[in-house]
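Just so it is clear, the model here is predicted, and its values are computed rather than measured. Numbering starts at 1 and runs along the sequence shown.
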Amino acid sequence: MSFPKFLLGDNTDYPEAIFVVHTEFPRFIINLADDDVEWLEEFDKNDEKELENEAGNLFQAANDFYDREIERYKE
């Protein structure tokens, strides 16, 4: 079984937070309420350069995923 690329995360200790978990490399958790990101990977210099180019796209994809999920809940 494979896991979805993104997951919603909920925690009652953080009632204002909107967590989205990215499960593929580079793994991270983003709080969409304040754009705080926790990386779940360690990066070398080559990864950091690639990440600079890719991070914005990944964060946008996380936002798009959240918007899509919320629309589906409304239906």
Q. Is it the case that one hydrophobic cluster holds both Leu32 and Val21, taking links as side-chain heavy atoms less than 4.5 Å apart, direct or via other members?
A. no

(Q) Would you call the rings of Phe28 and Phe6 parallel, tilted or perpendicular, taking 30° and 60° as the class edges? (A) perpendicular

Q: Test salt bridge (charged side-chain N to carboxylate O under 4.0 Å, His left out) on Glu71 and Arg68 and set out the steps.
A: CA-CA 5 Å; Glu71 283 301 313; Arg68 186 193 77 193; over 6 Å; no

Q: Would you indicate whether Glu24, at its atom CD, is surrounded by more than 12 heavy atoms from other residues, nucleotides or ligands within a distance under 6.0 Å?
A: yes

Q.
Glu75 vs Arg72, test: salt bridge (charged side-chain N to carboxylate O under 4.0 Å, His left out). Steps then yes/no.
A. CA-CA 5 Å; Glu75 295 173 0; Arg72 288 179 176 177; over 6 Å; no

Q: Side-chain contact test, heavy atoms from C-beta onward, threshold under 4.5 Å: evaluate it for Pro26 versus Asp47 and give yes or no.
A: no

Q: Without swapping roles, check the side chain of Asn31 against the backbone of Ile18 for a donor-acceptor pair under 3.5 Å.
A: yes

Q.
Side-chain heavy atoms nearer than 4.5 Å, only ILVMFWY residues, links allowed to pass through others: does that put Phe19 and Phe65 together?
A. no

Q.
Quick check: do Leu40 and Ile29 have side-chain heavy atoms less than 4.5 Å from each other?
A. yes

Q) Is the shortest heavy-atom distance from the side chain of His22 to the side chain of Ile30 under 4.5 Å? A) no

Q: Examine Val37 and Leu7 and state if one hydrophobic cluster contains both, with Ile, Leu, Val, Met, Phe, Trp and Tyr joined whenever side-chain heavy atoms are less than 4.5 Å apart.
A: no

Q) If you take all heavy atoms of Ala17 and Ala33, which pair is closest and at what distance? A) CA-CB, 4.3 Å

Q | Pairwise side-chain contact, Asp35 with Phe59, heavy-atom cut-off 4.5 Å (strictly under) | A | no

Q | Phe25-Val20 co-clustered via ILVMFWY side chain contacts under 4.5 Å | A | yes

(Q) Taking CD in Glu48 as the centre, count heavy atoms belonging to other residues, nucleotides or ligands within less than 6.0 Å. Is the count above 12? (A) yes

Q. Counting only heavy atoms not in Glu38, do more than 12 fall under 6.0 Å of its CD?
A. no

Q) Is the count of non-hydrogen atoms from other residues, nucleotides or ligands lying under 6.0 Å from Tyr14 atom OH greater than 12? A) no

Q. Looking only at side chains, do Gln60 and Asp64 share a donor and an acceptor under 3.5 Å apart?
A. yes

Q. About how many Å separate CG of Asp13 and CG of Asn11, when rounded to the nearest 0.5 Å?
A. 4.5 Å

